[in-house]
Amino acid sequence: MPERLLIMELNNLEKVRLDKALRMRQNGRDPYPTRTAVSNNISEAISAFTADETVEHVFTLGGRIRATRPMGKIIFAHIEDGFGRIQLFFRVNTLGEEAMKQFLDEFDLGDFIQATGKLFRTKTGEITLEVTDFKMLAKAITPLPAAKDEVVDGEIVRHATLSDPEARYRQRYADLAVNSDVRKVFQVRAGVVRAIRQFLDDRGFLEVETPILQPIYGGAAAKPFVTHHNQLKQDLFLRISFELYLKRLLVGMLDRVYEIGRDFRNEGVSFKHNPEFTQLEFYWAYADYLKVMELTEQMVAFTCDKVLGTRKVTFNGQELDFNPPWKRVELRQGLIDACGIDIAAFPTETGLEEAMKAKGIKVKPGMPRGKLIDQLIGDYLEINFIQPTFLYDYPRDISPLAKNKPGDPSTVERFEGFVGGMELCNAFTELNEPMEQEARFLEMGREYGADDEERHPMDEDYLQAMSYGMPPCGGFGMGIDRLTMLLADKRTIREVILFPHLRSRDEE
RNA sequence: GGGCGCGUAGCUCAAUGGUAGAGCAGUGGCCUUUUAAGCCAUUGGUUAAGGGUUCGAGCCCCUUCGCGCUCACCA
């Protein structure tokens, strides 16, 4: 075994632990054995014992040492694995003095240990493993960033545990090892994805995968990340949405498709934005945005049932009720009620800009009308939609992929879902007319200008696909991270992403 | 990118411009039903990094790095 860890300058605590590992090896004990004899996880052992305490239960358990209480001739300790926590009881009568000394000399908090013995209850009633044999499974050189723990009312209370957000995100492994509530967040997250898959699979949707590396990006107004294929000498973009590829599949008669995957947007980070995030999109032939609205309510309610067992969710100190139907607010009327501006009365950006200025709203000059409306939504509506709410019927000029509302050329059939003051999802009746789609692309090109990174590039192959005929359909996109935030009661997206993006540390 | 705040021992936190401390962890002892066990003793610091003011800087000033909040940006 090498006697150093070259990547790290070891502090005193780490040197002591490394010395212990080296000493173990010298004494013929492997601090990192290849195999274990673990028979069950801790939760299984406890369940078996409580099911029938009259018979003898012998287990070999593995886990990290979380607390030790040596008391001379006996030692109490707690170990924890991914499923539970249990007390160990070491006694000189059963183990002998040498083994007791070995435990005290070689084992530290955070080490992985394997312990064999039978379960019993101490006189305070705690289920405990009386250890007859034990060995090191993996020595921890760096101490876990936590002191001891205790159990108060069934909850594990870790004292002086890692709490600096930067350290927690950079060393998420330590955060997870030490803060079991963080582990729960990611169980919720996995449950969300599992529930959504089940919901869509049950309704005949086909899960597909489309390119992440795209020669032309589209489907959203966002700045892309750029990369390069060396051999093909071709610039490629990391996708900003799946939309244009998934809708090509409807042309190909895959009538119901969905994808859960990663989108990348080269924009600022915030409590609800991470440069890469997980998105669900589905497309549904022969449906429209009204049907999608209903399916959305059902899907989210189903997810709540599966993951939390309730549709009433506490988020940010407020109770959210995910029972359908969600509140429905028409965009134009919603803005009239919220700020007194009727966007239909201002068909040009200059008119709308004047109206907003008249209300004392700060407006950056030269914004297209769509962006002005977007600002109104953000300022007056989004933050106030705490309970699940659909905002519907958007202006055509901020929705280049959505289909016109019949009889109203300035409005498209689009809705966004808001919960907890935050946009959760976005959906529309999909534009399936190639001539109109081409016109929209050209308009967007004019609106933003050639130098605006957010302009929609013309995707000629997408128009080619649509020209083969695309069935009428509804489409939908939702941020998985944001839904997880709501169900896990986390106010920042970084809490629901295992390794959120952080600036690189400058190491000289 | 702008504004405000923060960065002290492995972890959690103290410290009027005047000798950098505590609890836990660690180390050495005592202790056969404890549970943040207890008791005695004890190690541990380039106060994020660099520069400046001062007799003297963790504290005041400047620069840099990182993080947080917020504004801007963000279909």
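Residue numbers begin at 1 in each chain, while the letters A, B, ... track the order of the sequences.
The structure places CD1 of A:Ile65 at 8.0 Å from CD1 of A:Ile79, a figure rounded to the nearest 0.5 Å.
The distance from atom CZ of A:Phe103 to atom C1' of B:U34 is 13 Å, rounded to the nearest whole Å. Here the C1' atom of nucleotide B:G66 and the CD atom of A:Gln171 are 14 Å apart, to the nearest Å. If you measure from atom CZ of A:Phe418 to atom C1' of B:C74, you get 13 Å, rounded to the nearest angstrom. Rounding to whole angstrom units, CZ of residue A:Phe90 and C1' of B:U32 are separated by 15 Å. Distance NZ (A:Lys223) to C1' (B:A72): 11 Å, rounded to an integer number of Å. In this structure, the CZ atom of A:Arg491 is 11 Å from the C1' atom of B:U70, given to the nearest Å. To the nearest angstrom, P of B:U43 lies 17 Å from NZ of A:Lys15. The distance from atom NZ of A:Lys272 to atom C1' of B:C73 is 12 Å, rounded to the nearest whole Å.
Remark: the separation of the C1' atoms in B:C61 and B:G17 is 13 Å, to the nearest Å. Rounded to whole Å, the C1' atom of B:C67 lies 11 Å from the corresponding atom of B:A48. Rounded to whole Å, the C1' atom of B:C74 lies 44 Å from the corresponding atom of B:C24. Comparing the P positions of B:U53 and B:A41 gives an interatomic distance of 45 Å, to the nearest angstrom. Spacing of P atoms, B:C30 relative to B:U12, comes out at 33 Å, to the nearest Å. Comparing B:C6 with B:A49, their C1' atoms sit 16 Å apart, to the nearest whole Å. Taking atom P on both B:G50 and B:A15, the two are 25 Å apart, rounded to the nearest angstrom. Comparing the same atom, P, in B:C59 and in B:G51 gives a spacing of 14 Å after rounding to whole Å.
Checking B:U42 for Watson-Crick or G-U wobble geometry (two distances, each under 3.5 Å) identifies B:G26 as its partner. Pairing of B:G66, defined by two Watson-Crick or G-U wobble distances under 3.5 Å, is identified with B:C6. Look at B:G1: its Watson-Crick or wobble partner, with both distances under 3.5 angstrom, is B:C71. Across all strands shown, B:U34 forms no Watson-Crick or G-U wobble pair with both key distances under 3.5 Å. Both distances falling under 3.5 Å, in either a Watson-Crick or a G-U wobble arrangement, occur for no nucleotide opposite B:U16.
By the 30° and 60° cut-offs, the orientation of the rings of A:Phe134 relative to A:Phe107 is perpendicular. In this structure, A:Phe390 and A:Trp326 have parallel ring planes: the angle between them is below the 30° cut-off, well short of the 60° mark. Ring pair A:His57/A:Phe59 is parallel by interplanar angle, where below 30° counts as parallel and above 60° as perpendicular.
Taking side-chain N and O atoms only, A:Arg69 has a distance below 4.0 Å to OP1 or OP2 of B:A37. For the OP1/OP2 pair of B:C67 and a distance below 4.0 Å, the side-chain nitrogens and oxygens of A:Arg503 include at least one atom meeting the criterion. Residue A:Arg170 has a polar side-chain atom (N or O) positioned under 4.0 Å from OP1 or OP2 of B:C67.
A:Gln87 comes within 4.0 angstrom of a nucleotide base, judged by non-hydrogen atoms across all strands. Residue contacts shown for A:Glu423 are limited to sugar-phosphate atoms, with no base heavy atom under 4.0 Å away. At a threshold of 4.0 angstrom between heavy atoms, the contacts of A:Ile75 with the nucleic acid are absent. Among the atoms of the strands shown, none is found under 4.0 Å from any heavy atom of A:Thr94. Residue contacts for A:Lys20: at a heavy-atom cut-off of 4.0 Å it reaches the sugar-phosphate backbone alone, with no base atom in range.
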Please assess A:Glu495 against A:Arg168 for the test salt bridge (Lys or Arg N to Asp or Glu O under 4.0 Å), listing each intermediate value before the final yes or no.
CA-CA 10 Å; A:Glu495 289 292 341; A:Arg168 287 184 47 234; 2.9 Å; yes
May I have the step-by-step check of side-chain contact (heavy atoms from CB on, under 4.5 Å) for A:Ile343 and A:Arg369, ending in yes or no?
CA-CA 10 Å; A:Ile343 53 171; A:Arg369 181 168 177 271; 4.1 Å; yes
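Comparing atom distances between the A:Met71 side chain and each of B:A75, B:C31, B:G66 picks out B:C31 as nearest. The nucleotide whose nearest atom lies closest to any side-chain atom of A:Asp108 is, among B:U27, B:C67, B:A75, B:U27. Of the candidates B:U32, B:C73, B:A75, the closest approach to any side-chain atom of A:Leu401 belongs to B:A75. When each of B:C74, B:C67, B:U33 is scored by its nearest atom to the side-chain atoms of A:Lys371, the top-ranked nucleotide is B:C74. Among the nucleotides B:U34, B:A37, B:C67, the one closest to any side-chain atom of A:Ala67 is B:A37. The side chain of A:Arg91 approaches B:U32 more closely than any other nucleotide in the set B:C74, B:A75, B:U32. Of the candidate nucleotides B:U32, B:C73, B:U33, B:U33 has the atom nearest to the side chain of A:Phe120.
Taking for each of A:Arg121 and A:Val16 the nucleotide of RNA chain B with the nearest heavy atom, the 5'-most of the two is the partner of A:Val16. If you find the closest nucleotide of RNA chain B to A:Leu109 and to A:Val92, the one lying nearer the 5' end belongs to A:Leu109.
Contacts of A:Asn11 classified as side chain to side chain contact (heavy atoms under 4.5 Å, CB included), with partners at least two apart in sequence or in another chain: A:Leu13, A:Glu14. With sequence neighbours excluded, the residues forming a side chain to side chain contact (heavy atoms under 4.5 Å, CB included) with A:Glu130 are A:Phe89, A:Arg91, A:Thr94, A:Lys118, A:Phe120, listed by chain and number.
Nearest heavy atom pair, residue A:Ala222 against residue A:Arg265, reads CB-CD, 3.5 Å.
For A:Lys101 and A:Glu97, the salt-bridge test fails: no basic side-chain N is under 4.0 Å from an acidic carboxylate O. Remark: A:Arg183 engages A:Glu80 in a salt bridge, criterion side-chain N to carboxylate O under 4.0 Å.
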Pairs under 3.5 Å (N/O, protein and nucleotides 10-12 of chain B):
{"from": "B:C11", "atom 1": "O2'", "to": "A:Ala160", "atom 2": "O", "distance (Å)": "2.0"}
{"from": "B:U12", "atom 1": "OP1", "to": "A:Ser163", "atom 2": "N", "distance (Å)": "3.0"}
{"from": "B:U12", "atom 1": "OP1", "to": "A:Ser163", "atom 2": "OG", "distance (Å)": "3.3"}
{"from": "B:U12", "atom 1": "OP1", "to": "A:Asp164", "atom 2": "N", "distance (Å)": "3.4"}

